[in-house]
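Only one structure is covered here, and it is reproduced in the block below.
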Amino acid sequence: MTVLVAVADDDVSGGVVDVASKLGSCLGEDLYVVHLTDNEYANADERQVRDDVRKQFEGTNVAFEVAIEHVNRSGLRTSAAVGRQLADLADDVSVNHVVIGHRSKSWLGQFTEGHTALVVADGVEVPVTVVPEDLDRSVL
């Protein structure tokens, strides 16, 4: 089986990569690392995110694949919509665990956008590890 690891172009992704590396190594599982995009073809910024994540995994003892996934959808790209897309991807890829980051939001942000990690946790039937934005990476 596989661990689905969701990354973005934000400060939380470094912690997500660290936690996923340790988890994949401990469980003896391969990692499928994904960065979601609205674009049908990845632009330079999205390819840079992919390449940066690959570099973060170099030197670890876990097998991984880093991909940019195009999400074909209509409507706004809210955190809740991204969470549903990740939950669907988890079903499609047959994963046994999900690792995702979480950033705190204001009350208004929670109301208008939702929380990606909470939507994923509610939408999949496998364990979900939520990595907070303020993770102390020195303890890993």
Side-chain angles (χ1 to χ4, degrees):
M1 291 292 262
T2 303
V3 176
L4 176 65
V5 182
V7 295
D9 57 349
D10 60 17
D11 296 337
V12 183
S13 288
V16 170
V17 168
D18 288 348
V19 169
S21 295
K22 300 271 190 231
L23 186 66
S25 178
C26 290
L27 296 175
E29 300 288 349
D30 295 348
L31 305 179
Y32 181 64
V33 185
V34 64
H35 174 61
L36 296 180
T37 178
D38 292 332
N39 302 318
E40 189 171 349
Y41 300 102
N43 64 31
D45 291 338
E46 292 158 345
R47 288 191 304 271
Q48 186 63 51
V49 169
R50 178 199 59 205
D51 295 344
D52 289 346
V53 169
R54 283 181 179 155
K55 287 178 189 172
Q56 288 177 309
F57 277 107
E58 288 177 2
T60 63
N61 62 348
V62 63
F64 66 93
E65 176 185 349
V66 181
I68 301 170
E69 291 274 346
H70 167 67
V71 289
N72 189 10
R73 58 162 186 77
S74 60
L76 296 175
R77 184 183 168 121
T78 64
S79 297
V82 171
R84 286 189 296 275
Q85 294 159 4
L86 286 168
D88 290 344
L89 181 61
D91 288 340
D92 292 345
V93 179
S94 297
V95 301
N96 61 347
H97 201 106
V98 177
V99 179
I100 187 168
H102 174 73
R103 189 175 38 238
S104 296
K105 294 182 182 176
S106 68
W107 178 86
L108 183 59
Q110 292 175 41
F111 180 73
T112 58
E113 294 182 25
H115 284 292
T116 305
L118 299 179
V119 172
V120 170
D122 191 47
V124 297
E125 296 182 10
V126 297
V128 177
T129 299
V130 179
V131 180
E133 67 182 323
D134 57 355
L135 174 72
D136 181 1
R137 293 166 61 184
S138 66
V139 299
L140 293 178

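Remark: Asp11 CG is loosely packed, at most 12 non-hydrogen atoms of other residues, nucleotides or ligands lying under 6.0 Å away.
When the side chains of ILVMFWY residues are joined at heavy-atom separations under 4.5 Å, either directly or via intervening members, Val130 and Leu86 end up in a single hydrophobic cluster. Under the 4.5 Å side-chain heavy-atom criterion for ILVMFWY residues, a single connected hydrophobic cluster contains both Leu23 and Val66.
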query = Does the pair Glu69 and Thr37 meet the rule for a side chain to side chain contact (heavy atoms under 4.5 Å, CB included), with working shown?
reply = CA-CA 6 Å; Glu69 291 274 346; Thr37 178; over 6 Å; no
inquiry  = Using side chain to side chain contact (heavy atoms under 4.5 Å, CB included), reason through Val19 and Thr129 one step at a time and then give a plain yes or no.
reply    = CA-CA 9 Å; Val19 169; Thr129 299; 3.9 Å; yes
message = Val62 vs Asp30, test: side chain to side chain contact (heavy atoms under 4.5 Å, CB included). Steps then yes/no.
response = CA-CA 6 Å; Val62 63; Asp30 295 348; 5.8 Å; no
task = Could you walk me through whether Glu65 and Val33 pass side chain to side chain contact (heavy atoms under 4.5 Å, CB included), step by step?
result = CA-CA 6 Å; Glu65 176 185 349; Val33 185; over 6 Å; no
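Of the possible polar contacts, one joining the Thr60 side chain to the Phe57 backbone as a donor-acceptor pair under 3.5 Å is found. Looking at Ser13, its side chain never comes within 3.5 Å of a backbone N or O of Asp9 through a donor-acceptor pair. At distances below 3.5 Å, not a single donor-acceptor pair connects side-chain atoms of Arg84 with backbone N or O atoms of Val119. Not one N or O on the side chain of His35 forms a donor-acceptor pair closer than 3.5 Å with the backbone of Arg50.
Minimum interatomic distance between Ala6 and Ile100 (heavy atoms only, all atoms of both residues): CB-CG1, 4.1 Å. Closest of all the heavy-atom pairs between Gly123 and Ala87 is O-CB, 3.9 Å. In terms of heavy atoms, Val49 sits closest to Ala8 at CG1-O, 4.2 Å.
By the 4.5 Å heavy-atom criterion applied to side chains, Val93 and Leu4 are not counted as neighbours. The shortest side-chain heavy-atom distance between Asp52 and Gln48 falls under the 4.5 Å cut-off. In this structure, Val3 and Val95 have side chains that are not in contact, with every pair of non-hydrogen atoms separated by 4.5 Å or more. Within the 4.5 Å cutoff, no side-chain heavy atoms of Leu118 are placed close to those of Asp122. Between Val34 and Val5, the closest side-chain pair of non-hydrogen atoms is not below 4.5 Å.
Evaluated for a side-chain contact (heavy atoms from CB on, under 4.5 Å) with Phe64, the options Val53, Leu31, Thr2 yield exactly one hit, Leu31.
Gln85 contributes atom CD, which lies 9.5 Å from atom OG1 of Thr116 (distance to the nearest 0.5 angstrom). In this structure, His102 NE2 and Asp134 CG are separated by 9.5 Å, a value rounded to the nearest 0.5 Å.
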